[in-house]
Amino acid sequence: MNKLASIVGRINGLPGFARSRALTLFFNRLVKYAGTSGTVVEKLTTNHCIVTLKNRKRVQNHIGSVHAVACALIAESATGFVVGMNVPDDKVPVIKSMNIDYVKRAKGDMRAEARLTAAQIQAMKTQDKGEAVVEVVITDAEGKSPLLAKMVWAWTPKRR
């Protein structure tokens, strides 16, 4: 278990009503831009992460929906947080590429849900360096997927 997973494990031990708030405060301090945008970490385990974003003025585009970059932010955050839960402390996770197709207009609040497979987790824990395509499902308030996304995350040994 790495330090991040250890901290998140303690947070996940909190009562349900406090868990999301504690996860959000923790990650928004680590990732300043996520905090500025108002992302909320709803759930985080070693294989699953849910990040949400309310459709508020400060994250809207010119047509009143959540801006494309804000949607990319929650997708990158959800995938990055779940990858970070598994990469050992002597490695550093980095986003290698983002592929996002905007297929229809988003309506209301947004939700990004990322999952890792057992094989991906095993590779992160045992390979000195590597990469994984992390799929993420992004849905709007109507439960529709206005964006199709996948992120490629890599990990390499930390420089000393």
Side-chain angles (χ1 to χ4, degrees), residues 4-5 7-9 11-87 93-124 130-155:
L4 177 62
I7 293 167
V8 170
I11 292 172
N12 281 338
L14 295 172
F17 71 90
R19 200 170 299 139
S20 176
R21 180 158 169 76
L23 286 169
T24 298
L25 288 171
F26 175 66
F27 278 101
N28 287 349
R29 285 205 173 119
L30 285 177
V31 184
K32 307 281 189 262
Y33 184 66
T36 300
S37 297
T39 61
V40 174
V41 182
E42 298 285 340
K43 178 180 182 177
L44 180 58
T45 66
T46 56
N47 71 333
H48 187 208
C49 183
I50 299 171
V51 176
T52 59
L53 184 64
K54 292 213 175 289
N55 183 5
R56 294 182 302 239
K57 277 271 190 221
R58 68 178 169 188
V59 295
Q60 286 180 346
N61 59 21
H62 63 289
I63 58 174
S65 59
V66 174
H67 196 282
V69 172
C71 292
L73 170 68
I74 62 170
E76 189 264 349
S77 296
T79 58
F81 295 162
V82 76
V83 167
M85 291 285 288
N86 293 285
V87 173
V94 292
I95 185 91
K96 190 171 179 182
S97 70
M98 297 165 53
N99 182 11
I100 303 174
D101 293 321
Y102 298 89
V103 295
K104 61 181 92 166
R105 181 179 177 176
K107 297 189 176 154
D109 300 342
M110 301 300 295
R111 171 188 166 109
E113 187 166 359
R115 291 184 188 270
L116 292 177
T117 66
Q120 289 173 318
I121 292 169
Q122 183 66 20
M124 289 173 197
E131 65 181 52
V133 176
V134 183
E135 306 261 346
V136 57
V137 176
I138 304 164
T139 52
D140 64 12
E142 294 181 347
K144 295 180 180 170
S145 294
L147 297 89
L148 304 175
K150 67 180 177 182
M151 309 287 169
V152 177
W153 281 89
W155 60 93

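None of these values were measured; they are calculated from a predicted model.
Between Leu23 and Leu44 the shortest heavy-atom distance is CD1-N, 4.1 Å. Of all non-hydrogen atoms in Arg115 and Gln120, the two that sit nearest each other are O-OE1, 4.2 Å. Heavy atoms only, all atoms of each residue included: Ala78 and Ala112 are closest at CB-O, 4.0 Å. Listed here is the closest heavy atom pair of His48 and Val82: N-CG2, 3.4 Å. Closest approach of Leu53 to Ala70, counting heavy atoms only: CD2-CB, 3.6 Å. Annotation for Thr24 and Thr39: closest pair CG2-O, 3.4 Å, computed over non-hydrogen atoms.
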Derivation of the side chain to side chain contact (heavy atoms under 4.5 Å, CB included) call for Thr117 and Gln122: CA-CA 9 Å; Thr117 66; Gln122 183 66 20; over 6 Å; no
Full working for side chain to side chain contact (heavy atoms under 4.5 Å, CB included) between Met110 and Ile138: CA-CA 7 Å; Met110 301 300 295; Ile138 304 164; 3.6 Å; yes
Side chain to side chain contact (heavy atoms under 4.5 Å, CB included) assessment of Leu116 paired with Met124: CA-CA 10 Å; Leu116 292 177; Met124 289 173 197; 3.9 Å; yes
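One N or O on the side chain of Thr79 and one on the backbone of Glu76 form a donor-acceptor pair closer than 3.5 Å. Judged purely by atom type and a 3.5 angstrom limit, Asn28 has no side-chain atom pairing as donor or acceptor with the backbone of Val31.
Checked against Thr52 for a side chain to side chain donor-acceptor pair (under 3.5 Å), the options Lys43, Glu113, Glu42 give a single hit: Glu42.
Separating the OG atom in Ser20 from the CD1 atom in Ile11 is a distance of 10.5 Å, to the nearest 0.5 Å. Rounded to the nearest 0.5 angstrom, Glu142 CD and Asp109 CG are separated by 11.5 Å. Taken to the nearest 0.5 Å, the CD atom of Gln60 stands 4.5 Å off from the CG atom of Asn55. Atom-to-atom distance recorded for Leu73:CG and His67:NE2 is 12.0 Å, nearest 0.5 angstrom. The CG atom of Leu4 sits 9.0 Å away from the CG atom of Asn86 when rounded to the nearest 0.5 Å. From Ile7, atom CD1 reaches atom CZ of Phe26 across 4.0 Å, with rounding to the nearest 0.5 Å.
Using a 4.5 Å heavy-atom cutoff, the side chains of Val94 and Trp155 are not in contact. By the 4.5 Å heavy-atom criterion applied to side chains, Arg111 and Ile50 are counted as neighbours. Residues Val137 and Ser145 have side chains in contact (heavy-atom distance under 4.5 Å, counting atoms from C-beta outward).
Open room surrounds CZ on Arg21; 12 or fewer heavy atoms of other groups in view lie less than 6.0 Å from it.
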